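Below: the structure, in structure tokens.
Since the structure is predicted, the reported quantities are computational estimates derived from the model, not experimental observations. Residue numbers start from 1 in every chain, and the chains themselves are labelled A, B, ... in the order their sequence lines are given, proteins ahead of strands.
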Amino acid sequence: MTCARSAGILLALLSPREGARPRVARAGSPRGISSAGRALQWHCRGQGFDSPILHHVPFRAPFRGAEERDGRLRGAPPTGAGPNERSRMTELAHPDRLQKLAALRAKGRDPFPARGVEHEPIAGLIAAGGTLEAPGPRLGTKACIAGRLLTVRDFGKLMFAPVLDRTAKIQVGFQKTRLEGWWEERKLLDGGDQVAIRGELGRTQKGELTVWADEVLLLAKTLAAPPEKWHGLVDVEQRYRRRYVDLWASEGVREVFVLRSNMISLIRRFLEARGFLEVETPTLHPIAGGATAKPFVTHHNALDSDFYLRIAPELYLKRLIVGGLERVFEVSRNFRNEGISTRHNPEFTMLELYQAQADFRHMMAHTEELLEHLARTLLGRTALEFRGKPYELKAPFQRRRYDELFREANGCELLDRTAVARRAQELGITLPPRPGASAEAHHWALATEIFDHTVEPLLEGPVFVTHFPTPISPLAKCDPADARYTERFELFLGGMELANAFSELNDPQEQQRRFEEQVASKDPEAPGEVDLDYVQALEYGMPPTGGLGIGLDRLAMVLANQNSIRDVLLFPTLRPQHSS
RNA sequence: GGGCGCAUAGCUCAGCCGGUAGAGCAACUGGCUUUUAACCAGUAGGUCCCAGGUUCGAUCCCUGGUGCGCUCACCA
């Protein structure tokens, strides 16, 4: 599990530009909260979600029919839920909570009111609460918060419970003397409930910043019991399937996703500042191109045509370079019908960018600058730890040629077919049979396999592996000095491929020839046909162009120090659960 | 797809050699005005993942299945 982080860090993540200075909502009297007496239920007086449309809806008891249905379905009678009522709920709904729900309704309280309330972010309160030594300016003033009530500690005439909103967590103190009319009703409140609290900002005897409640409003009853308070959700499957619980019940989970979101936001700003235009290209592709991978197949009924879910946006983005957009990028969800591992999810997010009048050296510079910028902004430093090892994201990164790495690790030349075949035998590497594949194709498939086994796992990095062989780089332009290699690099970190870039091949005739070689290689993952439409696009002339792809899930893993790609995906792909 | 492992109360986990099940937290009842994994006393809560098999008897042993994790293979 991830370690706990302070609210200060979360705050910094939430507003990377503003640092630890969150915007505090107006501190006066928030609208929508009855300030007279000990209001038990606030009324709907334009509470934060005002809109002209809502104003024109004539007031009446809403959804009476639905209420009655709900009353039978969910509102178990106060004496206890019968087996029939129980069986009609999901098994997560707790009988005690169903009873409390019914008791609330019996008292005339709406356990699921239609309106939220205007409130201020808890992080703002904390920032303005000061320390014990130097009390903050807000102590003693009124405050209104809204969020999820966590573990309740009841002392008979006193009760404490933290409330968590999107920004932070603060303790709420409930005193009988402050909440005379409401006190008995506290028993209908449970850990996990959505509440709004209006009260006074103060401290306890131990010095903990606390909102002393004057008014309590239930915003939504929680029928499912929250997970164990100390461990949170531990079962990995449950964490992924019920991420909506994991996000607030497990320490550090939300911070990872806030970091991921901020990372993508920073990438957009970084590229926009350099004149790149964000575009969206199709997800449904007639030919699965731009990478070698097994695609998902789907079908369009009206066109009566099969489509592939995109394995890469590359060929469409380069069409836009032909179209003159010159600098484009896409944050692209890609789909590959392959295995699942700690580094692979069937759908994953890539950044791809293309820049006219640039080549792979510019892409290298972009990569270094972007990664260093992200580390500095998100973590405040370029040194980081990933999977227990230290890394340094300060540019420039190391550069190593593909053929040199191959020679060092295997003691033979990449181009020497006999030596490569012998080496493959040594390592026990075999390839699935590809009837009709040429000796050339076989050699490169073996060489790639050997490289992946003997070099990649050792590349701690960050390191740019450059000059990939031409036969395994069908979309890259050849090195002008040696056509056997290309102007291509991949960035490795922690034995993991993070980025892939090249000087884009823009000669349509050579591109067509390379596509044809790919088809002839019988590689089961290569496209089954030549993308002639793309070749035609190149015939209209694509300027010299550099292209770069960065795996954003993997980058998020590195920056958030998460071991599994599933820990940086809100809802990783899981086998569907049987309904029976 | 292969190998290894896991599945017991709402949650986290025990359960010896095969004899129908236990703790902590959560819940419920009572007590407590400064706790923060609150505490104290009590109560209730189970299709031991599913289906077969062996056995007088299976949470436990065997077979098959389901789900998940780790790992290998391919990809990024």
Identify, between A:D235 and A:T573, the residue whose nearest nucleotide on RNA chain B lies closer to the 5' end.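 By nearest-heavy-atom nucleotide position, the 5'-most residue is A:D235.
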
Identify, between A:L189 and A:K176, the residue whose nearest nucleotide on RNA chain B lies closer to the 5' end.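 Nearer the 5' end of the strand: A:L189.
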
With distance as the sole criterion, do the side chain of A:E208 and the base of B:U34 form a donor-acceptor contact below 3.5 Å?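 Absent.
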
Between A:F174 and A:W182 (judged by ring centroids, cut-off 6.0 Å), do the two rings come close enough to count as a pair?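 Yes.
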
Verify the ring-centre separation between A:H285 and A:Y316: is it less than 6.0 angstrom?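 A:Y316 vs A:H285: aromatic centres under 6.0 Å.
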
Reckon [X] touches a base, only the sugar-phosphate, or nothing at all at heavy-atom distances under 4.0 Å?
| X | answer |
| --- | --- |
| A:W183 | nothing |
| A:N563 | nothing |
| A:N334 | nothing |

Could you tell me whether the side-chain ring of A:F348 sits stacked on the base of B:A76, using a centroid cut-off under 5.5 Å and a plane angle under 30°?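 Yes.
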
What integer number of Å spans the C1' atoms of B:U20 and B:A58?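 B:U20 and B:A58 have their C1' atoms separated by 10 Å.
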
Report the distance from atom [atom1] of [X] to atom [atom2] of [N], rounded to the nearest whole Å.
| X | N | atom1 | atom2 | result |
| --- | --- | --- | --- | --- |
| A:F160 | B:U33 | CZ | P | 12 Å |
| A:D154 | B:U29 | CG | P | 11 Å |
| A:R343 | B:C70 | CZ | C1' | 12 Å |

Should A:R153 be listed as having a side-chain N or O under 4.0 Å from OP1 or OP2 of B:A37?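 A:R153 to B:A37 OP1/OP2: no side-chain N or O under 4.0 Å.
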
Is the distance from OP1 or OP2 of B:A73 to the nearest side-chain N or O of A:H453 less than 4.0 Å?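 Yes, within the criterion.
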
Protein N or O to nucleotides 22-25 of chain B N or O, pairs below 3.5 Å:
from, atom 1, to, atom 2, distance (Å)
B:G24, N2, A:E228, OE2, 3.4
B:C25, O3', A:K229, NZ, 3.1

Do A:E208 and A:R203 pass the salt bridge (charged side-chain N to carboxylate O under 4.0 Å, His left out) test, and can you show the C-alpha distance, the side-chain angles, and the key distance before you say yes or no? CA-CA 5 Å; A:E208 170 136 0; A:R203 291 191 180 282; over 6 Å; no

Enumerate the residues from residues 335-342 of chain A whose closest heavy atom to RNA chain B is under 4.0 Å, giving them by residue number; use none for an empty result.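 Going residue by residue through residues 335-342 of chain A, the ones with a heavy atom under 4.0 Å of RNA chain B turn out to be A:R336, A:E338, A:T342.
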
Quick one about [Y] and [X] (side-chain donor to acceptor, distance below 3.5 Å, no hydrogens or angles considered), yes or no?
| X | Y | result |
| --- | --- | --- |
| A:S332 | A:R310 | yes |
| A:N561 | A:R387 | no |
| A:Q194 | A:T222 | no |

Measure from NZ or CZ of A:R399 to the centre of the six-membered ring of A:F464, then state whether that distance is under 6.0 Å and the direction lies within 45° of the axis.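 Judged by the rule (NZ or CZ under 6.0 Å from the ring centre, within 45° of its axis), A:R399 is not positioned above A:F464.
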
Would A:F502 and A:H467 count as a ring pair (Phe, Tyr, Trp, His ring centres under 6.0 Å) here? Give the steps. CA-CA 9 Å; A:F502 26 92; A:H467 299 87; over 10 Å; no

Pairing residues for A:R343 by the salt bridge (Lys or Arg N to Asp or Glu O under 4.0 Å) criterion, not counting sequence neighbours: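 None.
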
